[in-house]
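Just so you know, ligand 1 is whichever comes first in the structure, and atom 1 is the first atom listed for that ligand. The analysis underlying the following values was restricted to heavy atoms, covering all of them including side chains, and did not include hydrogens, waters or symmetry mates.
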Amino acid sequence: MAKQKMNIAVLCSGSGTNLQAIIDSVKSGYVPAKLAFVVSDNKNAFALTRAARAGIDTLILNPKDFKTREALDKEIIKNLKKKNVELVVLAGFMRLMSPYFIKEYKNRIMNIHPALLPSFKGTHGIKDALEYGVKVTGPTVHFVDEKLDHGPIILQRCVEVKDDDTEKSLVERMHEEEHKIYPEAIKLFSEGRLKIEGRRVRIL
Ligand code: GRF
């Protein structure tokens with residue numbers, strides 16, 4: 001009997017270009033998983049339109065309806081568990097996860113950051129790297145732990161910074177690489193090929 005595919009959920013707050021790359025790679029069979037759920041904390045996120053077009057169930061939550069971050073996370077977790085989600089993928093989700101969330105999905109939450117961690121953590125990874133004057137930057141896919149942009153690194157890719165780069169042109173080239181490495185990391189996880197050893201992630 002064929003092995004059952006792993007259920008994954010993607011959490012987004014914005015345009016969802018990474019979500020689209022993940023949808024496409026699940027559809028093509030490159031990522032052997034099922035996209036069970038898209039969750040957003042922003043009802044206007046274009047990511048929700050992408051999910052609807054692909055026929056994926058969505059959950060929209062307004063953070064203002066919850067007294068604490070943990071209360072919101074509890075509601076998300078309740079829904080993820082109902083759908084037997086095994087991997088949580090953060091793709092432009094503009095909220096910090098509570099320790100409760102991290103504990104419930106320990107080593108099963110991934111994030112993508114638009115800089116070579118541990119450099120340029122935070123919400124302006126591309127702008128900060130450009131302003132600092134680095135010659136090379138690039139996206140990082142990592143597991144999520146209790147600290148911001150900190151968990152074990154799964155994949156990184158280099159993007160060269162050109163002399164005439166603007167934030168916009170660099171965002172475009174960053175996205176091109178993000179759209180390759182995020183599906184790749186999810187594929188590896190779905191195939192059970194990522195082994196966390198302390199801070200290091202071994203690819204089996
Ligand atoms: C990406 O640049 C990602 O690195 C960061 O948020 C952005 C999300 O973009 N975490 P999109 O919504 O996937 O287009």
Using distance only, find each side-chain donor-acceptor pair of residues 58-72 under 3.5 Å and give its atom names and separation, not counting sequence neighbours.
{"unit_1": "Asn62", "atom_1": "OD1", "unit_2": "Lys64", "atom_2": "N", "d": "3.0"}
{"unit_1": "Thr68", "atom_1": "OG1", "unit_2": "Ala71", "atom_2": "N", "d": "3.0"}
{"unit_1": "Glu70", "atom_1": "OE2", "unit_2": "Lys74", "atom_2": "NZ", "d": "3.4"}

How far apart are the C-alpha atoms of Cys12 and Phe93, what are their side-chain angles, what is the distance that settles it, and do they pass the side chain to side chain contact (heavy atoms under 4.5 Å, CB included) test? CA-CA 4 Å; Cys12 320; Phe93 191 60; 5.6 Å; no
Before accepting this row, confirm whether a basic side-chain N of the pair Arg173/Glu176 lies closer than 4.0 Å to the acidic partner's carboxylate O.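 No.
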Decide, yes or no, whether a salt bridge links Lys180 with Glu177 under the criterion of side-chain N to carboxylate O below 4.0 Å.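 Looking at Lys180 and Glu177, the cut-off is met.
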Give a yes or no on this: more than 12 heavy atoms of other residues, nucleotides or ligands lie within 6.0 Å of atom CD of Glu160.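 No, not enclosed.
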Show me, by chain and number, every protein residue that has a heavy-atom distance under 4.0 Å to ligand 1.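 Contacts of ligand 1 under 4.0 Å: Ser15, Gly16, Thr17, Asn18, Gly92, Ile112, His113, Pro114, His175, Glu178.
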For Thr140, run the side chain to side chain donor-acceptor pair (under 3.5 Å) check against Glu178, His113, Gln156 and tell me which one passes.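 For Thr140, the side chain to side chain donor-acceptor pair (under 3.5 Å) test succeeds with only one of Glu178, His113, Gln156, which is Gln156.
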